[in-house]
Amino acid sequence: MGCCCNKDVGDSSQPLLNDQDKAGDTTATKGSLSTTASTKKGKKNKGSSRTDSKWTNQLKKDAERDKKIKKLLLLGPGNSGKSTFFKQLLRIHGRGLSDLKKQYFGQSDMKRAIYDNVLDQIRAVINQYKQFAESEEYDSKLSEEEEEAISYITNNNLPADCEINKEVANKIKIIWNNVDIKKAYDDRENLSIVDSAAYFFNEIDRISSIDYQPTERDILLVRTPTAGIVSAKFDINGNTFHIYDAGGQKCERSKWIHCFDNVTAVIFIGSLSCFDQGLYETAYTNAMHETLMLWDEILNSRWFRPTSMILFLNKCDLFKIKLEEKNKDLHVCFDGKTKQFDEYKGDNSYKDGIDFVKQQFVAMNKCQNGREIYAHVTCATDKDNVKKVFNDVQNIVVNAALQRGGLL
């Protein structure tokens, strides 16, 4: 079947419109369509122009605001005290405990993190003790009570979510009170045992109490390896600082690339006290050598050629104790056998040791334009020291930003 269309048909012998009328009508129609289209196009162009202008202005404002923000990138190897320094900034220039909770624990339990740290660390100390006990230097015997306590902690009988109650705390105290266990901690050779472990062992009665709530110092000192990148903004003396704490372990370093855009300054944090220790990841690699090689890689990277470089030689308090009280020799790290570094021939005093290590870092600078390295000796656990040092950093960063903008 076909499709039927009904049309009104007049006398076929009389055209409805003559050719002239058709032409005129067509012209009029075209003119009308053209005017309408032009009007619509004009309105559309005006609307589009206003939108473009709005976005352009917004982008300009964003760019200007972004210029005023000083971006600082905290870099360094694991266990250098980098995250401790970042936590101190949160305490000093942020909202203290609330910011520490938000940045490092989120919705997780702070107590859980501290419990896990204490148990991991006492096990690591026990392992270090056992290694030393096998050598002739350690002539040590454990009591039956101490053997039982070590067995209780190390035999994996404790559940994964174990809380440190009075029973667990008592076992830790028995172990920690052993003189040779403490000696193993003092003589630790690997970064798997963190410097703050003794603090938590000594605070075990408070930590095991039923109503225990972590203090600011607990959160400051608990080991919290940075996974990925943690950041915070601080408004200080009319300047906005956006600080990024990038993960220090080797597996985290590939993620640093995302922070390289328009960084005002890099703050590299290296531990002074690690000169006689092996890495957490690979115990046979000297931690100071690894720190220097990482510094070399960052300092001379094409990403950081226009960037101000600030060096924090951290853990100066522990470095001093090792040299002056424990008679550790800096020569064990700088023995002349590694071509990249000079041989240490000094008197092993604190000042001489600091000067020598600083020179090893500064000598890595291969920049031909004489870029200055701003070096500071720091102690990230000392709030007053961090406050003073960061005041100096602010001046360096602000001046660097002004120089970039051609204002200095």
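Just so it is clear, the model here is predicted, and its values are computed rather than measured. FYI, side chains are in, hydrogens and waters are out, and symmetry mates aren't considered; it's all heavy atoms of this structure.
- With N127 contributing its side chain and A124 its backbone, the two residues share no donor-acceptor pair below 3.5 Å.
- Ring geometry for F268 against F361 counts as tilted: the plane angle lies between 30° and 60°, on a 0 to 90° scale.
- D335 places no side-chain N or O within donor-acceptor distance of the main-chain N or O of H331, the cut-off being under 3.5 Å.
- By the 30° and 60° cut-offs, the orientation of the rings of H376 relative to F312 is perpendicular.
- A distance of 5.0 Å separates CG of L72 from CD1 of I243, quoted to the nearest 0.5 Å.
- Taking a cutoff of 4.0 Å between a charged side-chain nitrogen and a carboxylate oxygen, D218 and R206 qualify as a salt bridge.
- The aromatic ring centroids of F234 and H242 lie 6.0 Å or more from each other.
- Between the D347 side chain and the D352 main chain, no donor and acceptor come within less than 3.5 Å of each other.
- Within 6.0 Å of the NZ atom in K326, the count of heavy atoms belonging to other residues, nucleotides or ligands exceeds 12.
- With E146 contributing its side chain and S143 its backbone, the two residues share a donor-acceptor pair below 3.5 Å.
- Atoms CG and CG, on D180 and L142 in that order, are 8.0 Å from each other to the nearest 0.5 Å.
- N314 places a side-chain N or O within donor-acceptor distance of the main-chain N or O of S80, the cut-off being under 3.5 Å.
- For K233 and F241, the positive end is not near the middle of the six-membered ring at less than 6.0 Å and at most 45° from its axis.
- Here the CD atom belonging to Q121 is positioned 7.0 Å from the CD1 atom belonging to I193, to the nearest 0.5 angstrom.
- Panel note: side chain Q277, backbone A287; no donor-acceptor pair is recorded below 3.5 Å.
- From L74, atom CG reaches atom CD1 of I269 across 5.0 Å, with rounding to the nearest 0.5 Å.
- Both the sub-6.0 Å distance and the 45° axial angle are satisfied by R188 relative to the ring of Y185.
- For the pair D342 and F334, the tightest heavy-atom approach, listed with the atom from each and the gap, is O-CB, 3.4 Å.
- Between T291 atom OG1 and L313 atom CG the span is 10.0 Å, to the nearest 0.5 Å.
- Residue E343 qualifies as enclosed at atom CD: its count of foreign heavy atoms under 6.0 Å is above 12.
- D245 places no side-chain N or O within 3.5 Å of a backbone atom of F86 that could act as its donor or acceptor partner.
- D186 and K182 are not joined by a salt bridge, as no carboxylate oxygen comes within less than 4.0 angstrom of a charged side-chain nitrogen.
- Ion pair D355/K351 flagged as a salt bridge, since at least one NZ, NE, NH1 or NH2 atom sits closer than 4.0 Å to an Asp/Glu carboxylate oxygen.
- No side-chain donor-acceptor contact under 3.5 Å links T378 to the backbone of A380.
- Here the SG atom belonging to C379 is positioned 10.0 Å from the NZ atom belonging to K315, to the nearest 0.5 angstrom.
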Side-chain polar contacts of residues 165-172 - donor-acceptor pairs under 3.5 angstrom, sequence neighbours left out - could you list them?
residue: N165; atom: OD1; partner: E167; partner atom: N; Å: 3.1
residue: N165; atom: OD1; partner: V168; partner atom: N; Å: 2.9
residue: K166; atom: NZ; partner: D205; partner atom: O; Å: 3.4
residue: K166; atom: NZ; partner: S208; partner atom: OG; Å: 3.4
residue: K171; atom: NZ; partner: E148; partner atom: OE1; Å: 2.8

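- A donor-acceptor pair under 3.5 Å links the side-chain atoms of K322 to the main chain of S273, judged by distance alone.
- Using modelled atom types, no side-chain atom of D296 and backbone atom of L292 make a donor-acceptor pair closer than 3.5 Å.
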